[in-house]
Amino acid sequence: MTIAVGIFAHQEERRIAACLASLPLDRPDTRFHVLVNGTTDRTVDCAKAAAGGRDNVVVHDIREGGKSRTWNHFVHDLLTDKEAAVVFMDGDAEIAPGSIDALVAALARDPAVNAAAGMPMNGRKVEIYRAGLRAEGGLFGDLYALSGRFLAAIRARSLRLPDDLIGDDGLVAAWAHTDLEADSQWEHGRVIACEEAGFVAEQVSLWRPATWIMQYKRLINYSVRFYQNRIVSDIMLREGPGGLPRRLASLYGDWLPRWRPRPGLTGWFDRKALARMRQALRP
């Protein structure tokens, strides 16, 4: 049995080297997949340079972007069913030493556990986020791990995230809590917070305008995710994972007439999100 690590990277030429430097790339039992998707910058070249020619680090240059689409490709096309555990992380995050071992050990301790969450280690709301992961059994896409058994079940049933889903972590957590059934089968203990595993993510800085743009785009994505989650929750409640469509946009026509922007500043980003979703309906 081996370990696989998937590093999801889009336009990360500035951060990918630091991300890979935080990983134990010389582990003989681990295969690292750098999943560069939809990128027009030098992320691929930077990742290959940081990999240093190691045979167990594979840099994939994937033309189509989208984290959920790339997640599907990784799980269904690149894994082998020989993995004891698989770690998922973002290419703009750096992980604390020992995090991979801690996540793998957390999954191994209890065969009923499907997922283990890495914990945020920086940011002004870090303690709120950490408490939320403990209480709610959530996952952050920056760092989490799934058991090999659970992933084998996903592969056997050919379950896929909708390609246009914003945020893999929420739906993956729901799959893990329900053991791939409908929401009525939810069990909190199937997802655990791993206190010994942690990550550092880039924060918005007043002195770096590029991070303002990043945050602006992120807030629009959060609004898209807010509306998408209403569709996903309805399907997970009634049908479970097998009822999810290949693209959520195929259902927007039924849902868009019901939605309105929320009040306050959030409404600005909701309007941007709803416009994007209406655009997705056009040929």
Side-chain angles (χ1 to χ4, degrees), residues 66-76 79 86 88 111-117 132-141 144-147 149-193 220-263 266-267 269-271 273-283:
K67 187 176 181 184
S68 292
R69 181 184 289 109
T70 306
W71 192 98
N72 292 330
H73 174 56
F74 178 48
V75 168
H76 289 284
L79 298 183
V86 179
F88 297 75
V113 171
N114 292 324
L133 289 176
R134 296 184 193 105
E136 299 169 15
L139 301 174
F140 277 1
Y144 66 89
L146 303 178
S147 74
R149 174 196 54 77
F150 180 60
L151 281 162
I154 292 173
R155 288 160 55 88
R157 291 175 54 178
S158 298
L159 296 175
R160 307 175 74 90
L161 304 178
D163 281 343
D164 55 351
L165 176 72
I166 301 294
D168 60 302
D169 43 13
L171 185 50
V172 171
W175 284 5
H177 278 295
T178 61
D179 210 21
L180 303 178
E181 300 300 332
D183 278 356
S184 60
Q185 304 303 308
W186 192 285
E187 288 190 16
H188 186 275
R190 291 178 177 143
V191 178
I192 60 172
I220 297 173
N221 280 339
Y222 287 168
S223 285
V224 173
R225 185 174 66 183
F226 169 78
Y227 293 110
Q228 286 186 340
N229 281 347
R230 296 171 72 173
I231 302 175
V232 170
S233 295
D234 178 71
I235 294 171
M236 285 292 294
L237 181 64
R238 292 184 294 104
E239 304 175 59
L244 292 165
R246 187 64 178 260
R247 295 180 66 251
L248 289 171
S250 66
L251 303 179
Y252 287 173
D254 295 331
W255 287 84
L256 278 167
R258 315 180 201 181
W259 293 334
R260 296 293 182 273
R262 290 167 288 179
T266 303
F269 298 101
D270 286 351
R271 283 188 283 275
L274 292 170
R276 183 196 297 180
M277 297 171 89
R278 283 191 291 271
Q279 181 68 32
L281 282 173
R282 298 175 185 173

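Small disclaimer: the values here were computed from a predicted structure and weren't measured.
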Side chain to side chain contact (heavy atoms under 4.5 Å, CB included) between Leu244 and Trp175: does it pass, once the steps are laid out? CA-CA 12 Å; Leu244 292 165; Trp175 284 5; 3.8 Å; yes
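- Judged by a 6.0 Å distance limit and a 45° cone about the ring axis, Arg262 is positioned over the six-membered ring of Phe226.
- For Arg225, the side chain to side chain contact (heavy atoms under 4.5 Å, CB included) partners are Ile166, Asp169, Tyr222, Asn229, not counting sequence neighbours.
- In plain terms, the two heavy atoms of His76 and Ile154 that are nearest each other are CE1-O, 3.8 Å.
- Distance check, rounded to the nearest 0.5 Å: NZ of Lys67 to CG of Asp164 gives 15.5 Å.
- Just one of Val75, Leu139, Asn114 meets the side chain to side chain contact (heavy atoms under 4.5 Å, CB included) condition when paired with Val172; it is Leu139.
- With sequence neighbours left out, the salt bridge (Lys or Arg N to Asp or Glu O under 4.0 Å) criterion links Arg160 to no other residue.
- Remark: Arg276 engages no residue in a salt bridge (Lys or Arg N to Asp or Glu O under 4.0 Å) (not counting sequence neighbours).
- Put simply, the side chain of Asp168 never gets that close to the backbone of Trp71: no donor and acceptor are under 3.5 Å apart.
- In terms of the ring pair (Phe, Tyr, Trp, His ring centres under 6.0 Å) criterion, residue partners of Phe74 (sequence neighbours excluded) are, by chain and number, His33, Phe88.
- Under the side chain to side chain contact (heavy atoms under 4.5 Å, CB included) criterion, Arg238 pairs with Asp234, Ile235, not counting sequence neighbours.
- With hydrogens and angles ignored, the 3.5 Å screen pairs a side-chain donor or acceptor of Ser68 with a backbone N or O of Leu165.
- A 4.5 Å side-chain heavy-atom check between Pro241 and Met236 finds at least one atom pair inside the cut-off.
- Among all heavy-atom pairs drawn from Ala135 and His188, the shortest one is O-NE2, 2.9 Å.
- Minimum heavy-atom separation, Gly253 to Leu281: N-CD2, 3.7 Å.
- In this structure, Asp179 has no salt bridge (Lys or Arg N to Asp or Glu O under 4.0 Å) partners at least two apart in sequence or on a different chain.
- Each of Leu256, Leu248, Val232, Leu274 was evaluated against Tyr227; a single residue qualifies, Leu274, per the side chain to side chain contact (heavy atoms under 4.5 Å, CB included) test.
- Under the side-chain hydrogen bond (donor to acceptor under 3.5 Å, both in side chains) criterion, Asn72 pairs with Asp163, not counting sequence neighbours.
- In this structure, the side-chain hydrogen bond (donor to acceptor under 3.5 Å, both in side chains) partners of Arg155, at least two apart in sequence or on a different chain, are Asp81.
- For the pair Leu146 and Ala115, the tightest heavy-atom approach, listed with the atom from each and the gap, is CD2-CB, 3.5 Å.
- Listed by first and then second residue, the side chain to side chain donor-acceptor pair (under 3.5 Å) pairs involving residues 247-261 are Gln228-Tyr252 (not counting sequence neighbours).
- Judged as a side chain to side chain contact (heavy atoms under 4.5 Å, CB included), and not counting sequence neighbours, the contacts of Arg157 are Leu159, Leu180, Glu181.
- Looking at residues two or more places apart in sequence or on another chain, you find no salt bridge (Lys or Arg N to Asp or Glu O under 4.0 Å) involving Arg271.
- With sequence neighbours excluded, the residues forming a side chain to side chain contact (heavy atoms under 4.5 Å, CB included) with Ala145 are Val87, Leu103, Leu107, listed by chain and number.
- Between atom CE of residue Met277 and atom OG of residue Ser223 there is a gap of 10.0 Å, rounded to the nearest 0.5 Å.
- Although no hydrogens or angles enter the test, the distance criterion places no donor-acceptor pair under 3.5 Å between the side chain of His177 and the main chain of Gly138.
- Under the 4.5 Å side-chain criterion, counting only non-hydrogen atoms from C-beta, Pro162 is not in contact with Ile231.
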